[in-house]
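Notes for the one structure printed next.
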Amino acid sequence: MAASILRRSLLAPRCRAGDVAALHSGPSRRRAQAPGPIASGRRMGKSPAGERSVAPWVAVVGLEIHAQISSNSKLFSGSQVQFAAPPNSLVSFFDASLPGTLPALNRRCVEAAVMTGLALNCSINKKSLFDRKHYFYADLPVSVGLMEVVMEPDMSSGEEAAAAVRELQLILQTLGSSQAIMAEGQLRVDANVSVHHPGEALGVRTEVKNINSARFLARAIDYEIQRQIKELENGGTVINETRAFDYKLGCTVPMRDKEGKQDYRFMPEPNLPPLILYDTKSLPANTNHQQVVNIDWIRERLPDLPSVRRVKLVEQYGILPEHSFTLLNEDGLMEFFENVVRQTQMNPKKVIGWILNNMLGYLKQHNLTVQESPVSSLFLADLLNLLERGTISSSAAKRVLEELWKAEGKTPLQIVEEKKLELIQDQQELEQICQAVVEGHQEEVMEIKKGNPKVLNKLIGLVQRTTRGRADPVLVKQILEKRLSQ
């Protein structure tokens, strides 16, 4: 059986990159900036002073993004969906196009598409028609449902496009409409790229297909922009073609031209009736809610989008906006942070520093996810409580964290006791250590007395080294200042 496709999309207007980017700063919408100049060209003009000037090139980038919907079964059959399943292991009679089989539309996929459209501020068409191509569609036996998000061509660089895709990826994961794991092919991007001079018509575009990495997307777009500029400046022309990105060579390569009109010969699908959606006003009386899709019902259940969650994090914990981005962009990191905050007396502003500067650094170094961390939120909270109560110093806390990373099952307190990392509580002992440091470093003492207070930090560090980080640096500074003033 020829594959059926949704010819008239559920998501009527195209989504602007600005709609996605606007989520960075809150729920209010804003237009993305117009594409800006990115390189000089050969087109010469006259400046007000009569001098010849070089008009810039302007790049225009639009994205088509295909996201695999999170569903237990395929779009038109009840066959299971499983990544990397053996060939032909999850195929039904319908998938195999056996005569007499009929499709059944997956309700979950329809609801996920509606949910995504609402989250992206799109209008939802209440009626959609299905057409089929005149030939067998090769993807049919493996067709998990796909959503296509088409962004307006209002971007101008690879970095901007990659940021938009990362934000969309986060939105889809928040909604649960797609896992959006690019490495597993759950999110793939086609980039349409062209260049032109300001005030002139848009240039001929090329399409770079099937990019499965935000980093590769940025590289592919930036390469293609420069390739087109070079081609035009050398007197050539840009061909309307489909290209692929070779990540090993770092360049795009031709696949096929698009000059000739592609005739898909669409025909009405006889086995799929129109898809009708409802809202509260149009819902017929005495309707079985399990048999229809209610747009308003889905709208009421939308979770907070990433932009809203970032604002709440900043307002609730007093952290910096850039820290809120990191917490949300790293899967599971926000939950980890909030668990630590709930279990410690330390100020959230200090907690975020330990998580981003220390914990996240360890995770990146060992290529681990937050869920794979050998240091639990409970252990980190216990460690920060020891620091907050003055039981250990900051340098000692870092040593404890290193020991916790070895995943030997010891608690922070056990490590502190075994390694003898508690702060020295005997002030007389600490004064003797400070006195010894002062007597052994008379050159530094003379520098301080000449009016160079920065040298005092060196003496504090020497005391800390002597005590193996067991001295309270505030108290040490007070003792040294008192000794040096005598």
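Ser282 and Asp279 share a side-chain donor-acceptor pair at under 3.5 Å. Looking at Thr252 and Glu224, their side chains do bring a donor and an acceptor atom within 3.5 Å of each other. With no hydrogens or angles considered, a side-chain donor-acceptor pair links Thr116 and Ser177 at under 3.5 Å. Side-chain contact, Gln80 with Ser73: no donor N or O sits under 3.5 Å from an acceptor N or O. A side-chain N or O of Glu233 and one of Trp57 form a donor-acceptor pair less than 3.5 Å apart.
Although no hydrogens or angles enter the test, the distance criterion places no donor-acceptor pair under 3.5 Å between the side chain of Glu403 and the main chain of Ile415. The backbone N or O of Leu187 lies less than 3.5 Å from no partner atom in the side chain of His66, so there is not a single donor-acceptor pair. For Asn106 (side chain) and Lys74 (main-chain N/O), a donor-acceptor pair under 3.5 Å exists by modelled atom type. Formation of a donor-acceptor pair under 3.5 Å by the Gln414 side chain with backbone atoms of Thr411 is found in this model. Judged purely by atom type and a 3.5 angstrom limit, Glu64 has no side-chain atom pairing as donor or acceptor with the backbone of Asp190. Judged by distance alone, the side chain of Arg219 and the main-chain N or O of Arg215 form no donor-acceptor pair under 3.5 Å. Put simply, the side chain of Ser89 never gets that close to the backbone of Ala85: no donor and acceptor are under 3.5 Å apart. Side-chain N or O atoms of Ser178 include one that pairs as donor or acceptor with a backbone N or O of Gln68 at under 3.5 Å. In terms of modelled atom types and a separation under 3.5 Å, the side chain of Asp222 and the main chain of Gly158 share a donor-acceptor contact. At distances below 3.5 Å, not a single donor-acceptor pair connects side-chain atoms of Gln291 with backbone N or O atoms of Asn288.
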Report the C-alpha separation of Phe379 and Leu384 in whole Å, then their side-chain angles, then the decisive distance to 0.1 Å, and conclude whether the side chain to side chain contact (heavy atoms under 4.5 Å, CB included) test is met.
-> CA-CA 9 Å; Phe379 274 14; Leu384 298 184; over 6 Å; no
Worked check of side chain to side chain contact (heavy atoms under 4.5 Å, CB included) between Lys312 and Arg309 = CA-CA 5 Å; Lys312 288 184 176 180; Arg309 295 168 72 187; 5.6 Å; no
Please test Tyr362 against Ser373 for side chain to side chain contact (heavy atoms under 4.5 Å, CB included), starting from the C-alpha separation and ending with a verdict.
-> CA-CA 9 Å; Tyr362 276 119; Ser373 171; over 6 Å; no
Thr206 and Gln228: CA distance, side-chain angles, deciding distance, side chain to side chain donor-acceptor pair (under 3.5 Å) verdict = CA-CA 9 Å; Thr206 60; Gln228 291 185 20; 3.0 Å; yes
List the steps, then state whether side chain to side chain contact (heavy atoms under 4.5 Å, CB included) holds for Ile352 with Leu327.
-> CA-CA 9 Å; Ile352 194 69; Leu327 287 179; 3.6 Å; yes
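The environment of Glu184 atom CD is dense: over 12 non-hydrogen atoms of other residues, nucleotides or ligands sit within 6.0 angstrom. More than 12 heavy-atom neighbours from other residues, nucleotides or ligands sit within 6.0 angstrom of CG on Asn210. Annotation for Asn88: atom CG does not count as buried by contact number, only 12 or fewer foreign heavy atoms lying within 6.0 Å.
Checked against a 6.0 Å centroid threshold, the rings of Phe245 and Tyr223 do not count as neighbours.
Rounded to the nearest 0.5 Å, atoms CD (Glu300) and CD1 (Ile295) are 12.5 Å apart. Atoms CG and CZ, from Leu360 and Phe336 in turn, are 10.5 Å apart once rounded to the nearest 0.5 Å. In this structure, Gln316 CD and Ser324 OG are separated by 12.5 Å, a value rounded to the nearest 0.5 Å. We find the CE-CZ distance between Met255 and Arg243 to be 11.0 Å, quoted to the nearest 0.5 Å. The CD1 atom of Ile69 lies 4.0 Å from the SG atom of Cys109; values are rounded to the nearest 0.5 Å. Of the inter-residue distances, the one linking Glu231 atom CD with Gln226 atom CD reads 13.5 Å to the nearest 0.5 angstrom.
Counting only heavy atoms from C-beta outward, the side chains of Leu283 and Val292 approach each other to under 4.5 Å. Between Lys364 and Glu330, some side-chain heavy-atom pair lies under the 4.5 Å cut-off. Between Leu272 and Leu129, every side-chain heavy-atom pair lies at or beyond the 4.5 Å cut-off. You'll find the side chain of Met334 reaches within 4.5 Å of the side chain of Leu313, heavy atoms only. Between Leu105 and Phe130, the closest side-chain pair of non-hydrogen atoms falls below 4.5 Å. In this structure, the side chains of His323 and Tyr317 stay at 4.5 Å or more apart for every pair of heavy atoms. The side-chain heavy atoms of Leu413 and Asp382, taken from C-beta on, include no pair separated by under 4.5 Å. Using a 4.5 Å heavy-atom cutoff, the side chains of Arg310 and Glu322 are not in contact.
The pair Arg205-Glu241 fails the salt-bridge criterion, with no side-chain N (NZ, NE, NH1 or NH2) lying under 4.0 Å from an Asp/Glu carboxylate O.
When all heavy atoms are compared, the tightest approach of Val61 to Ala161 is CG1-CB, 4.4 Å. For Pro303 against Leu175, the heavy-atom pair with the smallest separation is CD-CD2, 3.8 Å. Ser377 and Asn339 make their closest contact through OG-CB, 3.5 Å (heavy atoms, listed as atom of the first residue, atom of the second, distance). Of all heavy-atom pairs spanning Met182 and Ala214, the tightest one is SD-N, 3.8 Å. Summarising the geometry of His196 relative to Val60, their closest heavy-atom pair is CE1-CG2, 3.5 Å, with the distance given to 0.1 Å. Of all non-hydrogen atoms in Pro412 and Leu383, the two that sit nearest each other are CG-N, 3.9 Å.
In this structure, the side-chain contact (heavy atoms from CB on, under 4.5 Å) partners of Ser92, at least two apart in sequence or on a different chain, are Ser77, Ser79, Phe94, Asp95. With sequence neighbours left out, Thr344 forms a side-chain hydrogen bond (donor to acceptor under 3.5 Å, both in side chains) with Asn385.
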